[in-house]
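As structure tokens, the structure follows; a few thoughts come after it.
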Number of protein chains: 2
Amino acid sequence: MSLPTLRDVAAMAGVHPATASRALNPGTRSLISARTADRVLRAAEQLGYQPNAVARSLRTSRSSSIGVVVPDLTNPLFPPIVRGIEDALAPHGYVLLIVNTDNDPAHEDRLIASLRSRSVDGLILATARLGHPLLRVPDAGGLPVVLANRRTEGLPFPSVTADDASGIHAAVAHLVGLGHRRIAHIAGPQDTSTGLGRLRAFRSAMHEHGVPVDGALIRRTSAWLEDEGARALSDLLDGGTEFSAVFAGNDMLALGCYDVLAERGLRCPDDLSIVGFNDMPLVDKLQPGLTTVRIPHYDIGWEAGRLMLEQLTRGEQQAKAVLMPVSLSVRHSTGPPPGDSAPPLRDTAAAPYAVEPQVQSFE
Amino acid sequence: MSLPTLRDVAAMAGVHPATASRALNPGTRSLISARTADRVLRAAEQLGYQPNAVARSLRTSRSSSIGVVVPDLTNPLFPPIVRGIEDALAPHGYVLLIVNTDNDPAHEDRLIASLRSRSVDGLILATARLGHPLLRVPDAGGLPVVLANRRTEGLPFPSVTADDASGIHAAVAHLVGLGHRRIAHIAGPQDTSTGLGRLRAFRSAMHEHGVPVDGALIRRTSAWLEDEGARALSDLLDGGTEFSAVFAGNDMLALGCYDVLAERGLRCPDDLSIVGFNDMPLVDKLQPGLTTVRIPHYDIGWEAGRLMLEQLTRGEQQAKAVLMPVSLSVRHSTGPPPGDSAPPLRDTAAAPYAVEPQVQSFE
DNA sequence: CTGAAAGCGCTAACAG
DNA sequence: CTGTTAGCGCTTTCAG
């Protein structure tokens, strides 16, 4: 006893399957007399009829499903984005096919092919890797595409990203306002749109604040990982160039900085201020709480879902780039630079401190 | 110019579509002469042929997709589970349809119906709500089902869960070993299998250690949320029954405890030891690091995926219950009970402390 | 307004 | 070993 089909419903209602189909589909119901429509609906109800989405899909070549491509769902960035996408699309009958690429372009291509073969109606890409701009346009084969949390310059895809530049501007303003002038940046991988963009934005924010950017205070990491952040900060501290604050490209990198400070017995923010990016869950609970740029991940997902719907309903493919507003969550990992508000110990032993640059106190 | 179909491949190879189909399918390739198979493969390659999964699905009534039902992907518990499921199934060509129920049974039923209509080949349920045992068997309609992170007693579904009881046994052993005798439990919602099970396990672990369970030291929360944990601990502290340690039903509840301690100026573990459950990301970075029961979420997902594969390949539906081993991550939120190892301050002012029961210091 | 007929792309049963 | 045939369940012409 398998599931009831449209034929069963039609038979019970005493009509032709085509009629039953028309009655069941809101779009075509108006073509049917109210009485027969009613009979069909009743029969469907009684049999517990559920249209077979696969058959419908084969016929209409639409599947009411959207492929969502993320690097790794386990990265706390993505669940809220995915959830936002789902909440935007589910009310319209869409279901999500979520795949993880692990940042492997070849794997990504395979997965996208697999999604296409399942006739997804659209693709939302939240993968961040750039790569060669022309080679790495994923082959969507004319499918509607929306980029979430990613922008590939010069590609005709609508995108939703956080306004990273504004966030970084605010972060730098905050640090400069506290008195910092020597600000280091631990930049993420430069083959990701976010890593590259944030470094650029950092440079421009510094310029706008009239603070010189010292190339010796910039480190690029090969991954967005805690270890990499730790390595970068160690390197900076050992580099001999003084600095009183670090702006990390994301919270994981900032966490790595915390580790180094703990290892070396340095205090945050007394010895060094740290700013992160993303406002990951629980970073407010750290000791000290991490000052970080809060990104509306859920909203980014939701907006990406809306953009997808727009393309799906009207057929338009406007490459509009939506920038979602961000905010700075100021917590206790940032404070005035050392010396600025004369901390007790140094007050009494001011000489060595004044003579030696800040970085000395880190070694 | 739409995508190439099997007909196109067959035409190019000069064979009948059925032959092409057999050549392309590893399972039936042996029925075909090597030469023609080769010709077909070559043609497919050249055309960039991708089998249409929808058509195949309609024909075979298998879809190579598995429905995964979770309460909320945004809860850090679930991404690793989902990832584990995916890693087990993806190599076998399966794709995941992930839906969030938000713990709404009606919504869950609708989603499962929607998954069924998409002919998923199986269902992995990671939703934890119990409800009436008979009413709340989701109507899988004969579909293979695996329960992940959930066990519904008396239902014929295979399940993969963490060995919560062992973990709780270890946690209680740890506390008792430190000298605690008055141990409170903040239990999660009792309409979830985990909430109920952990409370039971707590009781039994206490008995096994010969420590009396005081009903006044047990609080049930209505959700697995930080606020609820905070409320519960406040309530315990105000309850007038002394205790020196709290075992929280999960890490979120434990976080709520941290909040209360901070508010009241109490120190952990000097005034109160806290143990959590789950080992969520970053709880090791808290100050003090949270001692908690580490659950192998990824492995649970992976195992659930394996169990699903077993059902899919052999047709068996053994209701075996797999228990995954857990471990205790001991960190600094647990220590000897106050008074036990005479902390410095109290050493000098022993009298008031010795006179007043521990709970006094909490108020 | 409703019925008849065709076909989406594929695979499985049956012939040859 | 390969071709023929049929049909999965649905929607959409086209007739009536």
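Below, each value reflects all heavy atoms present in this structure, side chains not excepted, and no hydrogens, waters or symmetry copies.
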Do any N or O atoms of the protein come closer than 3.5 Å to N or O atoms of nucleotides 2-4 of chain D, and which pairs are they?
unit_1: D:dT2; atom_1: OP1; unit_2: B:S33; atom_2: OG; d: 3.1
unit_1: D:dT2; atom_1: OP1; unit_2: B:T36; atom_2: OG1; d: 3.1
unit_1: D:dT2; atom_1: OP2; unit_2: B:S33; atom_2: N; d: 2.7
unit_1: D:dT2; atom_1: OP2; unit_2: B:T36; atom_2: OG1; d: 2.9
unit_1: D:dG3; atom_1: OP2; unit_2: B:H16; atom_2: N; d: 3.0
unit_1: D:dG3; atom_1: OP2; unit_2: B:T19; atom_2: OG1; d: 2.6
unit_1: D:dG3; atom_1: N7; unit_2: B:R22; atom_2: NH2; d: 2.6
unit_1: D:dG3; atom_1: O6; unit_2: B:R22; atom_2: NH1; d: 3.0
unit_1: D:dG3; atom_1: O6; unit_2: B:R22; atom_2: NH2; d: 3.2

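Side-chain contact of B:R110 with B:S114: a donor-acceptor pair under 3.5 Å is absent, judged by distance alone. For the 3.5 Å distance criterion, the side chains of B:S65 and B:S63 qualify, holding a donor opposite an acceptor.
Panel note: side chain A:H92, backbone A:Y94; no donor-acceptor pair is recorded below 3.5 Å.
When rounded to the nearest whole Å, the span between CZ of A:R56 and C1' of C:dC8 equals 14 Å. The separation between B:R29 atom CZ and C:dA12 atom P is 15 Å, rounded to whole Å. As rounded to whole Å, 16 Å separates atom P of D:dG9 from atom CG of A:L24. Remark: P of D:dC1 and CG of B:D38 are 15 Å apart, rounded to the nearest angstrom. Taking atom CG of B:D8 as the reference point, atom P of C:dG9 lies 9 Å away to the nearest angstrom. Straight-line distance from the CG atom of A:N25 to the C1' atom of D:dG9: 13 Å, rounded to whole Å. Between the CG atom of B:N52 and the C1' atom of D:dC8 there is a distance of 13 Å, given to the nearest Å.
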Audit row: B:S33, B:T36, side chain to side chain donor-acceptor pair (under 3.5 Å) steps and yes/no: CA-CA 6 Å; B:S33 84; B:T36 50; 2.8 Å; yes
Derivation and outcome, side chain to side chain donor-acceptor pair (under 3.5 Å), residues A:T127 and A:R150: CA-CA 7 Å; A:T127 45; A:R150 165 188 186 180; 3.0 Å; yes
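Checked against B:L143 for a side-chain contact (heavy atoms from CB on, under 4.5 Å), the options B:V120, B:I66, B:D121 give a single hit: B:V120. Checked options A:T161, A:I81, A:L77, A:I300; the residue passing with A:I295 is A:I300 (criterion: side-chain contact (heavy atoms from CB on, under 4.5 Å)).
A sub-4.0 Å separation between OP1 or OP2 of D:dC10 and a side-chain N or O of A:Y49 is present.
By the neighbour-count criterion of 12 heavy atoms within 6.0 Å, atom CZ of B:R29 is densely surrounded, having more than that number from other residues, nucleotides or ligands.
Of the residues in residues 57-64 of chain B, those with a non-hydrogen atom less than 4.0 angstrom from any atom of DNA chain D are B:L58, B:R59.
Between the CG atom of B:L31 and the OG1 atom of B:T19 there is a distance of 10.5 Å, given to the nearest 0.5 Å.
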